[in-house]
Amino acid sequence: MLSRPKPGESEEDLLNFQRRFLASGTSAAAQVIRKADKRKGTAEDGAVGRDVVTIQEFPDLPPILTPGPTKKSKFAQQRVRFADEDAEDMLEENDRHITTIFSKIIERDTSSAVITAPVPTGQAFPRVFHRSEIPSETCRKVQRVWLVQDACVRFPHIHFSCSGRLLDAGPSSSFIHGRVELGRSSAGIRPEATFPLRCGWPHCRWSALWTWPVLSGLVSSVVFWKRVGDDGAVPGKMSIFAQKMAAKRAAETAKKAPLSTGIPMDVPLPEAASSQRADNVQSPSSADVAKPLLITGEGLRSPASQDEAQRIHHENVERLKALSEEDIKQEREKLLSQLDPKLIAFLKSKKEGQAAQKETCAGEVPAAPGTNPPSASEANPPRQAPRRENQAAMSVDDLPVKTQKEWVHMDSVELEKLEWTRDLSRPRQEKTKKGMQARFNLTGDLIPPLSDVPTYMGLHHHGEEAERAGYSLQELFHLSRSQFMQQRTLSLQVLGRIVQKAKQGEFSSTLDGSVLRLLLDAGFLFLLRFSIDSTVDNVIAASVRALRTLLVSPEDEEYLDLMLWWYQGTRVFPLLPNQDDEDEDNEEEEEEDGSVKKTEEERRKSREEMKPDPDVARYDVIKGLLKTKLLHRLRYILEVLRPNASVVLDILAILTRIARHSAATCAQILDCPRLMETVVQEFLPIQWNVGVNEGDLPPSSVHGVPCSSAMKLLRVVASSGRHAAARLLNAFDVKSRLSRFVAQEPQDLPLPREEAEKLNVETFLLWAVAAGYGQACDLYRELYPVLVRILQTQLQCIASADFKTSPVFAIQRTAAIVTLLAHVTQTAGCAAELETQLSSSTAGSEPQIPPPPVSWAQVTGLLPLVVECLRGCLQEISNPATWDALQPLTTTAINFIASYYQAASRQPSLDPVACNEELENLSAQLLLPFLHHPYAQPMWDLLRSCSAVCNPLSCSPLPESVPSLVTLSCTGGKPPLSLAGKKSPFSVLTSVLNLVCSIVTVHKGLVTKFSFILDYKGLTDYLDHSCSAPTPAVTPSSNWLLRQEYHLQYFVVSLLHKVTVQCPDRCLRVPLFHSASLRLLGCLLPGSEHLAQRIISLLAFNAQFIPEGRDGGPEAADLSDILHITDEAKPTAPRSAAVIHANPSRGVLLKESFGDLPSIRACYLTHFFHLEEALGHSRVSYQERTCFIQSALLPEARGPILPSDWPFLPLINLYNKVANAETRGRVVNTLPPDLVTTVTRNLQWILLLETWRPETLQSISTSAKLARLACVFLTGGDLFLEAPVHSYTAALLAHYSQPKCLESLQLDKPPPGLASFYDFYVDLLEQFEAVSFGDSLFGTLVLLPLQRRFDVQLKKVVFGEHVSSLRSLSVSLKEFPTPLVLYTSPPEKDLDLLRLYFRTLLTGALQQTRCPVLYVVAVAHVNSFIFSQDHVTQEVDVARRSMLRKTHLLVNEGLRNHLLLYKQPNSTCPVGFDLYEQLPPIRQKYLKAVTEVPQKPKESHAS
């Protein structure tokens, strides 16, 4: 049997298969036959037909009556379906009745129908009828004009009311359906009203198009028509033109009637008519009484709605007639007091408007006999929108342009359509409390509501509020989608200017809410994104500029450029918003046992990919834009469209802001196809042929011309990481650009002077960033002569103050060069370490980092140049103007020297003697003279004024700041006396302290010479206020400032450590500096993990920084406890259920804790294991080992490294471990073996802090401390019964039970870290019932939240659901540290809780021997309740009488005496309270009155 071909076989194998098949002679499974083409008929002989493959055992044609499946398009299958079934199948399945309908179609028999031929006419074309004149089959109108005399005879039953209402039309009328139209008046009297009138005739419904008050004597003719086949309803709605034409024809018909038949004007009116007219004129309120004003019946939506409204109106009128005037006034005043004043004003205005309208109608006088009466169109104008109150009626004379007869189609002037040509009225203040809509001019300024802007300014338009100038945001949004490109461009430009002024805070005091938030919520971001996709250059330019205004903040770039000269200034935080994803809670449910857990970054990326673009942009604008392929569009604009210079600069600024967002956005910029190639090739060319324009103006196009903004973009992208910098240097050939723009002087470049200077500075900064990773250091060897020459030249210029270029540029350029040299020096300092690692590595080990191309010997000659530079800068300290300008160079020079000696200390070739001599000379010649200079000492006094910690409002976010768009700007900007201000001493003093610490680390003999720094009064005052100030909030506008301030604090406490080691008795204010170090430990931001580890290792747990431990602190604590003077005796320590001996005193515990400080430090270090990775990155950064640094971007700063309650961290970690395991249903049996030791060390440290460093824990509330302390009882079962744990917990609980702590205890809000304190307390109660063994310490903690001022639900849960716990709460009155008055006063008012108290007392669940504390509480509250005689509700009164009777009848004599004779709480008494010897007379009398009264049949039960 032949085998089938298999995958992987070649053509030769297939040919072998074919040979074997042919040789076997077997028949093929398929045949190829020729079939004729059906479209061409039968195929001729020899004609080539189609190849048809036939397979055996299969028929040639499909079976008959077996339809095959419908062939569906592949594209149709990919369309969106709202159901799984096909549309055709759904129709066949569901719409079953359609076949029945088709089968029952019967053709109408038309054999007997009359067919009429069209009537021939003499006209060439048929007559054109207006639609109102075309008679329809269902509604034919028959019209007839009747004179008034004939109409009165023909229709005798027609009657009109005094208001003109048609009351009746007799059945003798042949026009039983139709409408009544009154003809033109012979005297020209205008109609009084134009509303339709109806009658209640059962067979027809008459209507009048307009009416008069009196028909007789005023009307010449009446026009009737009837509509056959209609129900009398008004004909269909006609257009305005049709209405005018119909009215004109009716007027012409009435005019043709003989006037001689009319009634003369001097004929007296009938008596009824005259009386009706007089009533109507003199008593305008009569009509108001006849019909309702407010009730219309429209809401009923029924045919009888008007009748129902009329019935209600008559009923109200009858009730009013039955009341007297006084009753009406009283009811009116009562009604006015209950109604809303706004509703009353509305009703009054409505009635006044109707009265004014009637007065106007009644006041019209008849025209003169010779004047023409108004036409029907004038008498009944079409319905228009109501005019404004301040606009008068318009006439032809009011038009600013007089119409001429020669003008086409101006024979009939339509005043309504020309009303817009009139002058606008002056804007007026609306009488409302609501704010008016904001309007802006074309420059983005807010236009005041009442400002009278001239119309020639172009700010008026025909939108809403036409009299007000300017454009609202809604109108600008509308114009931005206009088909006219000029309107789109203008609207985008105005919106961009509005955003710019809003970010500057110009609208914060005049507008409600945030303009930026409003714009972003309205979709402004995507409006700009859509506009960028336009094909019109002006629209693209305007949208790009608006997007730059929205994203880029010039102040942010200024601050970030300022930070470059500070200590660790090249390391910045990413401008990443705090992402509070609402669906983070749904992430944990998808993780099961055995599944691979995703990292936080992976989960975040997956969530963002699933979300639509608007949802992503709601919490992160940059990410939302990147999801719309913005980078690809910007690349297309730069590469293909090649816009002008302003658009290019805007795009480069946008790309720079996107790169500052995070390392991920920098990677997207690098990965975008041809984006970076276009930027490097077009805007950083090595050669170009563009001369400098006249006047030193920038070129109109920057394509093919070097641009400093492009170099800055590369620098920001390179700061994102080592890999990004390497890609820029190698893949995009940026290294050649560095050589090109460094080698040539800026003044020699064919560029504008300012642009050339910026380009040169940015080139050095980019090189410095690359050197910060140990890259591009080979250029240092090639360009070393150039760098030295530039540095020497600039030093001479600074010394002589003779700058060939601008002083600012010269200083920034020199500072950039010094920063570059510092990074090169740090890289050279790693060469020896890397060479050692490389030589010691084996063949199978991990690949090692290669040594850098620069060695330590090649950088040693840089130190003298930088020292001379620093000397020249320090000499200008007495000149404030020059000193402020030289601060960037001074700071970078000091940081270079510190980095040099820090790297020199790691070199194996270091000569210690020579190095110490250099340090002594440097200190004696530069540092010490500077520190003792009269102008340097006031700098320490400015620390407090410029501090962001002491002045948290100085770094508060802007009012217009948006969480989804990070900005560094602060409220009020950066004044001179701020951390980033011109007068700020932080940058210089931080660098000086860094250098001092580096010097004393290498040369320990110089410590005594710099110890005087710690004695500066300005420094100690600053540290004192920073320790007592509240912890500043970590926001994008504050973290970059706080990081620099924390650097200064760290160097201060680090210098203290070095001074303390060398001279233990030198510093006198060690506790202050120790408190500052502990405060700093809880405030350090991400990226400073190395500093936190150094503080924990060297400062926080250093016994030398806690002099109280060796100077009598424990004894003082014991003495304080012995001299405890209060009204009550000092409580004894709570006993333990497992330990027989008494707890040690607080002094003994403090002394033991002080001796265990090394063990406490080791305990805390082990609980910071989760920071190990971050600690490694931070360590290489602060040690300045550039070859190991991965990124210059700091981690995202959502808060400090350690939580605010970090002293309780070991306890919290243990509790979380147990809670998480129990949540998953597992029993915790694997707690650490040294659990008792860990908890003991944690409690020891807390006791030390609470006793000797209480300011460290002042930011933690008392409720949070108690909740953390409760973790001892919730972790590890009977852990609290261990002797050391029990002793330290008792000491802490006694401390938290002091009056000052209890006063600050607040349980209304859950403590930080707890969702609900009630649930936490329930868990604590359940744990108490399970494992307490009646322990007094545990019971004391359970009793603390049951104070009278706290939530009553906490007490109800004890006396209700967990009443069994009362048997174990055996805390004696002597052991209880809290005053009983906090539990018994004020008297309890909750009836349910009082019943629970009474029930537990009666049933014996609460006894004095088992639970003495709560026994006193229950007795006190029940006694106060049963003898209270306050005015209460009947239910409460019945309950307290019942309790009193039951108490009086108690068999238990002891409980009866306690409840009746209770006087006041007293913890010294055996029972806990004092008793009356006998009841006071008032209570005795009340008891007798209650007990003698027979019980009522319906008495509420006490239990």
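R657 is listed as a side-chain neighbour of L965, based on a closest heavy-atom distance under 4.5 Å. Contact of the L649 side chain with the C707 side chain is registered, since non-hydrogen atoms from C-beta on lie closer than 4.5 Å. Taking 4.5 Å as the limit, every side-chain heavy atom of H823 sits out of range of all side-chain heavy atoms of C777. Taking the side chain as every heavy atom from C-beta outward, L728 and M676 approach each other to under 4.5 Å. Residues L834 and P850 have side chains not in contact (no heavy-atom distance under 4.5 Å, counting atoms from C-beta outward). Side-chain contact between E677 and E682: absent, with no pair of heavy atoms (C-beta onward) separated by less than 4.5 Å. Side-chain atoms of R781 and P853, non-hydrogen and from C-beta on, do get closer than 4.5 Å to each other. The side-chain heavy atoms of V734 and L684, taken from C-beta on, include no pair separated by under 4.5 Å.
When all heavy atoms of S662 and L576 are compared, the pair lying nearest together is CB-CD1, 4.3 Å. Among all heavy-atom pairs drawn from P1195 and P574, the shortest one is O-CD, 4.0 Å. Summarising the geometry of L783 relative to S739, their closest heavy-atom pair is CD1-CA, 4.1 Å, with the distance given to 0.1 Å. The heavy-atom pair separating P1086 from F573 by the smallest distance is O-CE2, 3.5 Å. Among all heavy-atom pairs drawn from R635 and L675, the shortest one is CG-CA, 3.5 Å. Contact record, P577 with Y619: CG-O, 3.5 Å, taken as the closest heavy-atom pair.
Here I532 contributes atom CD1 and L625 contributes atom CG; the two are 8.0 Å apart, rounded to the nearest 0.5 Å. Atom OG in S709 sits 11.0 Å away from atom CG in L714 (nearest 0.5 Å). Between the NZ atom in K623 and the OG atom in S964 there is a gap of 12.5 Å [rounded to 0.5 Å]. To the nearest 0.5 Å, the span separating CD1 on I849 from CZ on F1188 amounts to 4.5 Å. I686 contributes atom CD1, which lies 5.5 Å from atom CG of D733 (distance to the nearest 0.5 angstrom). In this structure, the separation between CG on L641 and CZ on R633 is 6.0 Å, given to the nearest 0.5 Å.
A donor-acceptor pair under 3.5 Å is formed between the side chain of R722 and the backbone N or O of I1189. Within the 3.5 Å criterion, the main-chain N or O of I658 finds a donor-acceptor partner in the side chain of T665. Between the side chain of K627 and the backbone N or O of K611, at least one donor-acceptor pair lies under 3.5 Å. Side-chain atoms of Y780 never come within 3.5 Å of backbone atoms of L820 as a donor-acceptor pair (strictly under, hydrogens ignored). Judged purely by atom type and a 3.5 angstrom limit, H703 uses its side chain to pair as donor or acceptor with the backbone of L638. Remark: side-chain polar atoms of Q826 are not paired, donor with acceptor, to backbone N or O of V824 under 3.5 angstrom. Y773 places a side-chain N or O within donor-acceptor distance of the main-chain N or O of S719, the cut-off being under 3.5 Å. When atom types are taken as modelled, the side chain of W767 and the backbone of A776 share a donor-acceptor pair closer than 3.5 angstrom. A donor-acceptor distance shorter than 3.5 angstrom exists from the side chain of R529 to the backbone of T628, with no hydrogens or angles considered. Between the S1178 side chain and the A1174 main chain, no donor and acceptor come within less than 3.5 Å of each other.
The only member of T763, T570, T656, L765 that meets side chain to side chain contact (heavy atoms under 4.5 Å, CB included) when paired with R715 is L765.
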Subject >> CA sep, side-chain torsions, deciding dist, call: M711, F741, side chain to side chain contact (heavy atoms under 4.5 Å, CB included) >> reply: CA-CA 11 Å; M711 189 67 73; F741 299 119; 3.8 Å; yes

**OP:** Kindly determine whether L655 and V716 satisfy side chain to side chain contact (heavy atoms under 4.5 Å, CB included), including the steps that lead there.
**Re:** CA-CA 10 Å; L655 292 175; V716 176; over 6 Å; no

**OP:** Give the C-alpha distance, both sets of side-chain angles, the deciding distance and a yes or no for side chain to side chain contact (heavy atoms under 4.5 Å, CB included) between H1090 and Q1183.
**Re:** CA-CA 9 Å; H1090 175 66; Q1183 291 179 354; 4.3 Å; yes

Original post:
Can you check side chain to side chain contact (heavy atoms under 4.5 Å, CB included) on D650 and L547, steps first, answer last?
Top reply: CA-CA 9 Å; D650 292 340; L547 185 61; over 6 Å; no

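Salt bridge present: K735 and D778 bring a charged side-chain N and a carboxylate O closer than 4.0 Å. Ion pairing between R727 and D671 holds under the 4.0 Å rule for side-chain N and carboxylate O.
For Q18, the side chain to side chain contact (heavy atoms under 4.5 Å, CB included) test picks out L15, L22, with sequence neighbours left out.
Side-chain contact check for S1181 and R571: at least one donor-acceptor pair (N or O, by modelled atom type) lies under 3.5 Å.
Sorted by first and then second residue, the salt bridge (Lys or Arg N to Asp or Glu O under 4.0 Å) pairs involving residues 1168-1180 (not counting sequence neighbours) form an empty list.
For the pair R20 and F17, the cation sits on the ring face: its NZ or CZ lies under 6.0 Å from the ring centre, inside 45° of the axis.
Between F530 and F526, the angle of the ring planes lies from 30° to 60°, which puts this pair in the tilted group.
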